[in-house]
Amino acid sequence: RKEVEQDPGPFNVPEGATVAFNCTYSNSASQSFFWYRQDCRKEPKLLMSVYSSGNEDGRFTAQLNRASQYISLLIRDSKLSDSATYLCAVNGVTTGGGNKLTFGTGTQLKVEL
Amino acid sequence: DTGVSQDPRHKITKRGQNVTFRCDPISEHNRLYWYRQTLGQGPEFLTYFQNEAQLEKSRLLSDRFSAERPKGSFSTLEIQRTEQGDSAMYLCATNKLYNEQFFGPGTRLTVL
């Protein structure tokens, strides 16, 4: 089993729709989680952090379910500009005390007119 | 713009050549990470620095790879005797303590 798993999609949704992505993780000791947005051939950009039960920022809501070991990202009223790949990342502690991220493969979202 | 810069942005090289990439972190960030991303995959951790000390290296980092962070500021990642399988985007990320990591624009390497 992969450490972090995501449905690669693509999710094709009409503008204005609500869409949700899930991400499962295998290490039950993981403490913090992140959603990154990545546009084609660009670097990942931090979208949201999920430290406890969840987080909300405008149209975006992230939730954590520790019992089932997954995090979710909900996008409401989707815009054409939301089209991107959404990467889930799980924080793990390095042997040197840093916090290396383990990423899923990403979920591709295409918002259409 | 996160404030993390990388140079060059693109590098095309022939198999067997050596290449070096540079990352300049956000100035107050003492932790620096290198990741590699191939098409259709998420970034994979390569190595981590706290200040000038390299504290962890992934098994992905073969003997042909070496990274440095002299004086705890910028970092370099060198690949010796490049192979076609080294073609990827090399990403640098930085943070303070356990805060979120911010990525630079990456260096896209193509090995012919």
Side-chain angles (χ1 to χ4, degrees), chain A residues 2-10 21 23-27 29-52 55 57 60 62 71 73 84-108, chain B residues 1-6 9-10 23 25-26 29-61 67 69 75 88-110:
Chain A
K2 289 185 179 179
E3 289 186 64
V4 180
E5 293 198 71
Q6 295 182 254
D7 181 344
F21 311 133
C23 167
T24 59
Y25 60 94
S26 61
N27 186 351
S30 300
Q31 293 296 314
S32 51
F33 311 86
F34 306 91
W35 284 102
Y36 282 81
R37 172 197 168 124
Q38 187 171 32
D39 293 293
C40 187
R41 302 180 73 82
K42 300 285 190 180
E43 76 274 23
K45 293 187 188 297
L46 183 65
L47 182 64
M48 299 188 76
S49 305
V50 190
Y51 287 108
S52 55
N55 195 7
D57 182 5
F60 298 83
I71 63 171
L73 178 68
T85 294
Y86 291 84
L87 293 161
C88 166
V90 177
N91 198 3
V93 179
T94 71
T95 55
N99 55 319
K100 64 181 177 183
L101 297 176
T102 300
F103 285 86
T105 55
T107 297
Q108 188 178 11
Chain B
D1 185 1
T2 61
V4 182
S5 61
Q6 291 188 245
R9 299 288 299 275
H10 304 275
C23 170
I26 297 170
H29 287 187
N30 62 337
R31 296 172 177 230
L32 186 147
Y33 306 79
W34 284 97
Y35 293 83
R36 180 175 70 187
Q37 186 176 24
T38 54
L39 197 61
Q41 302 298 315
E44 295 173 293
F45 170 78
L46 291 178
T47 190
Y48 155 64
F49 289 86
Q50 181 170 332
N51 300 311
E52 67 278 6
Q54 186 176 20
L55 297 182
E56 182 164 343
K57 294 192 290 186
S58 162
R59 289 170 297 157
L60 293 174
L61 216 63
R69 193 182 181 197
S75 175
M89 170 85 94
Y90 290 84
L91 293 158
C92 172
T94 70
N95 69 352
K96 294 191 295 185
L97 294 179
Y98 295 103
N99 292 342
E100 295 88 349
Q101 292 184 27
F102 296 94
F103 284 83
T107 295
R108 185 169 297 278
L109 173 66
T110 302

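Per chain, numbering begins at 1; letters A, B, ... match sequence-line order.
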Heavy-atom pairs under 4.5 Å with chain B: which of A/Gly92, A/Ala89, A/Ser49 has the most? A/Ser49

Minimum heavy-atom separation for A/Thr102 and A/Val4, please, with both atom names. O-CG2, 3.6 Å

Do B/Tyr48 and A/Asn99 have side-chain atoms, one donor and one acceptor, less than 3.5 Å apart? no

Going by the angle between their ring planes, with limits at 30° and 60°, are A/Phe103 and B/Phe103 parallel, tilted or perpendicular? perpendicular

Interface moiety of B/Gln54 toward chain A, non-hydrogen atoms closer than 4.5 Å: neither

Plane angle bin for A/Phe60 and A/Tyr86 - parallel if under 30°, tilted between 30 and 60°, otherwise perpendicular: tilted

Report which part of A/Leu46 has an atom under 4.5 Å of a heavy atom belonging to chain B: side chain, backbone, both, or neither. side chain

Using side-chain heavy atoms (C-beta onward) and a distance below 4.5 Å, is B/Tyr90 in contact with B/Leu46? yes

Any idea which of B/Gln6, B/Gln50, B/Arg108 has the most non-hydrogen atom pairs under 4.5 angstrom with chain A? B/Arg108

Which atoms of B/Phe49 are under 4.5 Å from chain A, going by heavy atoms: the side chain, the backbone, both sets, or neither? neither

Report yes if the side chains of B/Phe102 and B/His29 come closer than 4.5 Å at any heavy-atom pair, otherwise no. yes

Out of B/Gly40, B/Gly42, B/Ala53, which one racks up the most heavy-atom pairs below 4.5 Å with chain A? B/Gly42

Which one of A/Gln6, A/Gln108, A/Gln38, A/Lys100 has the most heavy-atom pairs closer than 4.5 Å to chain B? A/Lys100

